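Following: one structure in structure tokens, then a few remarks.
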Amino acid sequence: MTPMADTTGNIPDTGAPLAGDPAPRKSSWRHIGPGIVVAATGVGAGDLVATLIAGSNFGYTLLWAAVVGCLVKISLAEACGRWHLSTGRTLFDGWASLGRWTTWFFAVYAVIWGFVYGAAAMSSSALPLQALFPDVMDLEWWGIACGLVGLVFVWFNKYSVFEKVMTVLVGVMFVVTVYLAVRVTPNLGDAFAGLLPVLPDEEDSVLNTLGLIGGVGGTITLAAYGYWVNAKGWTSSGWMKVMRLDNRVAYLTTGVFVVAMLFVGAELLHSANVAIAGGDKGLMQLGDILEEEYGTATGKLFLIGFFATSFTSLIGVWHGVSLMFADFLARQRGEREARGDELASGRRERSWAFRAYLLWLTFPPMVLLFQGQPFRLIIIYGVLGAAFMPFLALTLMWLLNSSRTPREWRNGPLSNTMLALAGLLFLVLCVKQVWDQPWADFF
């Protein structure tokens, strides 16, 4: 077969299995793994709070929006995995073929986003630990301890160990969230009615609904999915069926987390007309409410689940985004074609670039734990974060409809529709996020 033309000057992989890549004949549950990792990383404390607040404000009315959010993310993650497997090239290599603007965007995003996210992840992981062990040390030191544990764990372990630990923590998250959903005894009739696409009769209900759809599990971690697919050892199109099963498991798991927390918000908060704060403090308030309603054991179990949720996001970003950054620097240093088999070999995880970004995520953000988050930097962080998801959706459409992708694996009508809807959704949310920033105070 003649290699397909590519505007970058590289010859794309035709999808034939690479040497040493014995792809299975059919998909199998025993192969899944990267999906568990992306689900655990993508669902952070902020996602759970957003869903809780939706449940407390609107009851079960927006359950359908949470389900749609999972379907949107399935299409995005599947597109990332399909690019990696069908071409044998990494997502950043695909971005770089679209022009230098993608390189500049990613470089600025990775530096600023990583700095602020590092502090947020450490703080989020520290909150439940301080609540569980109040007399041990201050919140800032718990945060530093979480960051250091994440650093050491990712630094010294390859993907296989990382995946096993993430699977255990996901198991903890699953048990806790399902237990809470059952404990509050949801009204299943109202829940099924919530699957009908109805908007709440309140101001800004459309934007609130879009925000819930867009906030269901994943930002840059969706882009990292293809990297984890390769790190697992899947490097050719022979693994496509396995990847698609794995991806569905990821967002089925995410859906369980989100629906369970919406049940808790609808039954525990909406019925009692209780409001909670946004962000991690909202989860701390929920822990107190659960302890009052159902006893100390339930409150403590929730805090353990809260820690598992936050810490999986921390180590997931420490690993996945560091892989992406290492790939970015390899390309900048002249490796004209970044390939999936390089990730499968584990060499990226041992590279100086991978470990340099690990250090960037861990040590500089510790300053923010003590000094608070700088105002202007937070605004830039918010804008870049809002811009990443439309960037991901629209560039995937570009790549997967072009000759950069072997014809067999290009987008079909369903993929194009879902990616277009995702791009439009995130573009609207991006504009709203930029509009809502206090720009008058910025200058």
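This one's a predicted model, so the numbers in the text were calculated from it and none came from an experiment.
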Query raised in the report: Taking the six-membered ring for Trp, are the ring centroids of Tyr225 and His84 within less than 6.0 Å of each other?
Result: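 When the ring centroids of Tyr225 and His84 are compared, they turn out to be at least 6.0 Å apart.
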
Residues in side chain to side chain contact (heavy atoms under 4.5 Å, CB included) with [X], at least two apart?
X	value
Ser345	Arg347
Thr177	Phe257, Ala260, Met261
Leu384	Phe105, Val108, Tyr109, Ile112, Ile380
Thr417	Leu421

Query raised in the report: Step by step, would you call Leu358 with Val154 a side chain to side chain contact (heavy atoms under 4.5 Å, CB included)?
Result: CA-CA 8 Å; Leu358 264 181; Val154 175; 3.9 Å; yes

Side-chain contact, heavy-atom cut-off 4.5 Å: [X] with [Y]?
X	Y	value
Val229	Trp239	no
Val434	Trp439	yes
Glu163	Pro34	yes
Thr167	Val37	no
Leu262	Leu52	no
Phe162	Phe153	yes
His270	Phe58	no
Ser322	Arg348	no

Does a donor on one side chain and an acceptor on the other come within less than 3.5 Å for [X] and [Y]?
X	Y	value
Ser124	Ser310	yes
Glu267	Tyr60	yes
Thr103	Trp95	no
Thr87	Arg404	no
Asn411	Arg82	yes

So which heavy atom on [X] is nearest to which on [Y], and how close?
X	Y	result
Ala231	Leu323	CB-CD1, 4.5 Å
Met166	Ala40	CE-CB, 3.8 Å
Val38	Thr221	CG2-O, 3.4 Å
Ile276	Gly282	CD1-O, 3.9 Å
Trp228	Gly316	CZ2-O, 3.3 Å
Ala223	Leu91	CB-CD2, 3.8 Å

Nearest-0.5 Å distance, [atom1] of residue [X] to [atom2] of residue [Y]:
X	Y	atom1	atom2	answer
Leu63	Leu196	CG	CG	10.0 Å
Leu85	Cys80	CG	SG	11.0 Å
Thr90	Asp327	OG1	CG	3.5 Å
Leu76	Leu71	CG	CG	11.5 Å
Thr235	Asp341	OG1	CG	6.0 Å
Leu399	Asp93	CG	CG	9.5 Å

Determine yes or no for a side-chain-to-main-chain donor-acceptor pair under 3.5 angstrom, with [X] supplying the side chain and [Y] the backbone.
X	Y	value
Asp246	Val242	no
Asn416	Ala420	no
Ser123	Ala119	no
Ser237	Met240	no
Asn247	Ala77	no
Thr312	Ala308	yes
Arg89	Gly94	no
Asn230	Leu343	no
Ser125	Met122	no
Asp47	Gly44	yes

Query raised in the report: Stepwise, does the side chain to side chain contact (heavy atoms under 4.5 Å, CB included) test hold for Ser415 with Leu400?
Result: CA-CA 9 Å; Ser415 294; Leu400 292 168; over 6 Å; no

Requested in this report: Give a yes or no on whether Arg244 atom CZ has more than 12 heavy-atom contacts from other residues, nucleotides or ligands under 6.0 Å away.
Outcome: yes

List in chain and number order the residues that pass side-chain hydrogen bond (donor to acceptor under 3.5 Å, both in side chains) with [X], two or more places apart in sequence or in another chain; answer none if no residue qualifies.
X	result
Asp138	none
Trp318	Thr362
Asn157	none

Which residues satisfy the ring-ring contact (aromatic ring centres under 6.0 Å, His included) test with [X], sequence neighbours excluded?
X	answer
Phe311	Phe307
Trp398	none
Trp435	none
Phe106	Phe92, Phe328

Query raised in the report: Should Val43 and Ser313 be marked as a side chain to side chain contact (heavy atoms under 4.5 Å, CB included) after you check the CA-CA gap, both sets of side-chain angles, and the distance that decides it?
Result: CA-CA 7 Å; Val43 179; Ser313 293; over 6 Å; no

Report task. Mind jotting down which residue pairs meet the side-chain hydrogen bond (donor to acceptor under 3.5 Å, both in side chains) criterion with at least one end in residues 140-154? Sequence neighbours excluded, please. Result ->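 Found none.
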
Query raised in the report: Would Leu392 and Ile220 satisfy side chain to side chain contact (heavy atoms under 4.5 Å, CB included), going step by step from the backbone distance to the final call?
Result: CA-CA 8 Å; Leu392 176 63; Ile220 194 171; over 6 Å; no

